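Quick caveat: nothing in here was measured; it's all calculated off a predicted structure.
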2 protein chains.
Amino acid sequence: MPPGFESSRYGHGLDLGRAEATVLFDVLQDCAACRSRHAFLALLPKLGALLSFDHALALAGRLDRGVATTTDCVVAGFPEGWLRDYAASELPGRDALVARGFAGRGPCQWSDAGAGLEEPNALALCRDHGLRCGHVAGHGPLLGSSCSLFCFTGTRGREDRRTAALLRFLTPHLHLAFQLALAVSEPPPGGDAGLTRREREVLGWLKEGKSSWAIGMLLGISERTANFHVANIMRKLGVANRAQAVAAAIARGVIDAG
Amino acid sequence: MPPGFESSRYGHGLDLGRAEATVLFDVLQDCAACRSRHAFLALLPKLGALLSFDHALALAGRLDRGVATTTDCVVAGFPEGWLRDYAASELPGRDALVARGFAGRGPCQWSDAGAGLEEPNALALCRDHGLRCGHVAGHGPLLGSSCSLFCFTGTRGREDRRTAALLRFLTPHLHLAFQLALAVSEPPPGGDAGLTRREREVLGWLKEGKSSWAIGMLLGISERTANFHVANIMRKLGVANRAQAVAAAIARGVIDAG
DNA sequence: TGCGCACCTGTCGGAACTGACAGGCCCGGG
DNA sequence: CCCGGGCCTGTCAGTTCCGACAGGTGCGCA
């Protein structure tokens with residue numbers, strides 16, 4: 001009998017009631033179906049039944065040698081004042097909470113964040129704005145190179161091990177949902193750009209660093225024809241050279257990075 | 001009160017018992033934490049408690065103008081004979097079940113697959129090998145361009161609407177788990193290849209199709225120095241030219257396709 | 001039968017890339 | 001203090017790319 005069965009409640013270590021289990025299933029379904037910023041935004045309030053918070057914030061970005069760079073964000077109900085003060089502060093780019101989140105070091109809550117959290121961080125600013133409780137959880141890069149950070153805060157809220165366990169469970173799903181939302185919300189302009197099979201084939205060899213002559217050999221056509229295909233590829237993708245063509249083709253999913 | 005609460009069982013439309021709900025949570029946690037083919041393989045048997053099957057198969061590939069190409073697969077317990085016969089048949093590359101799955105057209109089971117499913121497909125072959133029940137579910141490209149297909153079959157098994165609903169719920173999570181497993185199981189050789197900040201900066205402009213002269217302008221250095229950085233990038237990545245450098249950098253996650 | 005399209009081939013010249021030479025400045029660690 | 005590394009600059013020769021010219025074949029469709 002699996003360990004979870006010993007408890008009268010559900011989820012390994014999550015200690016969920018029946019209503020919460022149903023909400024969680026709902027949220028997980030939404031996570032996998034998240035295809036826009038709006039869908040992601042709509043997903044956040046549902047978490048309120050599980051985590052109990054007033055405001056939520058999701059950041060996407062990168063962590064490079066300990067320095068966190070934010071590239072995108074979705075805000076759900078954070079106070080205007082807080083946002084303004086945060087932007088005006090020295091925090092953006094140096095917030096230790098963000099760096100910790102992007103590193104995927106596990107959830108962290110206001111009550112335990114004080115100890116062991118480097119300065120500067122947004123904790124004091126949150127308390128100044130009356131956001132007395134909160135959780136931050138993040139995730140490192142997964143399918144792609146982008147990290148995520150999720151912050152749930154407000155005047156009330158539970159800060160216990162159960163909530164931490166729930167966040168630990170949810171964060172990877174939220175990360176994937178967020179990445180999906182951001183990836184799909186900016187759809188590649190023009191899909192596959194109407195590239196022909198031959199042109200995709202040529203792109204595949206361009207990606208491998210082959211010269212026109214080599215591509216001609218590989219495809220059994222003349223070097224000139226390989227050049228002809230490359231020119232058409234560049235024209236259709238609207239790019240200036242082969243390097244950009246490869247990047248654009250990968251970005252649009254015409255070929256994969258492999 | 002959300003609709004799910006009206007039922008004495010859990011999950012919107014999934015109609016799960018307590019034990020099944022716990023298994024499902026467990027599986028979902030594993031999905032988000034899946035980092036290797038082995039982890040994905042270990043995840044499949046757990047589904048047995050929910051779907052009841054003997055053999056499982058996961059395919060990754062692409063769908064191009066209705067033609068499915070399989071690039072990778074993970075097999076859990078399929079009979080040797082079946083695999084041999086399938087490989088020897090005309091099916092690989094033309095199996096309508098695979099094409100349907102890669103198109104993400106929703107789960108499909110043996111009992112209803114006969115009607116409306118194009119030929120050729122693997123159904124007859126499965127029945128020949130005594131695999132009398134089964135489900136196929138697939139998913140289109142999500143974070144990346146790769147599609148997934150999951151096949152659960154055996155001599156026994158439920159083929160009802162509840163199982164279909166469960167598969168519909170699970171498939172996106174399985175797809176992401178599978179993509180994660182494949183993406184991470186072949187780690188980029190050498191990580192960031194020891195590229196310096198400047199070199200990553202140059203790569204970012206290469207990706208945009210800038211010439212050496214333009215990169216020099218943009219970075220406030222001479223054209224020659226830009227060339228110097230490009231040469232070092234190509235040497236470190238072990239590639240032949242800029243186009244391949246861009247592809248390799250994206251594949252390794254040094255820069256993103258953006 | 002004509003039309004569009006994918007695919008193929010050729011030449012030419014200027015621009016860009018690639019690799020190898022040789023050197024300079026600045027900074028941190030042994 | 002020297003050494004290594006990141007970063008910067010230069011020259012030179014050979015290769016490759018890129019755009020624009022002008023064509024040919026085969027296939028499906030109206």
Do the side-chain N or O atoms of [X] get closer than 4.0 angstrom to the phosphate oxygens (OP1, OP2) of [N]?
| X | N | answer |
| --- | --- | --- |
| B:T196 | D:dG6 | no |
| B:S212 | C:dA16 | no |
| B:H229 | D:dC8 | yes |

Rounded to whole angstroms, how far apart are [atom1] on [X] and [atom2] on [N]?
| X | N | atom1 | atom2 | result |
| --- | --- | --- | --- | --- |
| B:L219 | D:dG6 | CG | P | 17 Å |
| A:M234 | C:dA15 | CE | C1' | 13 Å |
| B:F228 | D:dT11 | CZ | P | 16 Å |
| A:R242 | D:dC18 | CZ | C1' | 8 Å |
| A:L206 | D:dT16 | CG | C1' | 13 Å |
| B:N227 | D:dG14 | CG | P | 18 Å |
| A:K236 | C:dC5 | NZ | P | 10 Å |
| A:N241 | D:dT16 | CG | C1' | 13 Å |

[Y] and [X] side chains, donor-acceptor separation under 3.5 Å:
| X | Y | value |
| --- | --- | --- |
| B:H135 | B:Q109 | yes |
| A:N227 | A:R224 | no |
| B:R84 | B:S89 | no |
| B:T225 | B:R198 | no |

Of the listed nucleotides [options], the one nearest the side chain of [X]:
| X | options | result |
| --- | --- | --- |
| A:T225 | D:dT16, C:dT9, C:dC7 | C:dT9 |
| B:R197 | D:dC7, D:dC17, C:dT9 | D:dC7 |
| A:R224 | D:dT9, C:dC8, C:dT11 | C:dT11 |

Under 6.0 Å from the CH2 atom of A:W205, do we count more than 12 heavy atoms belonging to anything else shown?
no
Between the side-chain atoms of B:R198 and the base atoms of D:dG6, is any donor-acceptor pair under 3.5 Å?
no
For A:H173 and B:H173, take the angle between the two ring planes, folded into 0 to 90°, and tell me which bin it lands in: parallel under 30, tilted 30 to 60, perpendicular over 60.
perpendicular
Classify the ring geometry of B:H139 against B:H175: parallel below 30°, tilted from 30° to 60°, perpendicular beyond 60°.
parallel
Over its full length, what angle do the end axes of the helix from C:dT1-D:dA30 to C:dG30-D:dC1 make, each axis taken from five pairs and the result rounded to 10 degrees?
50°
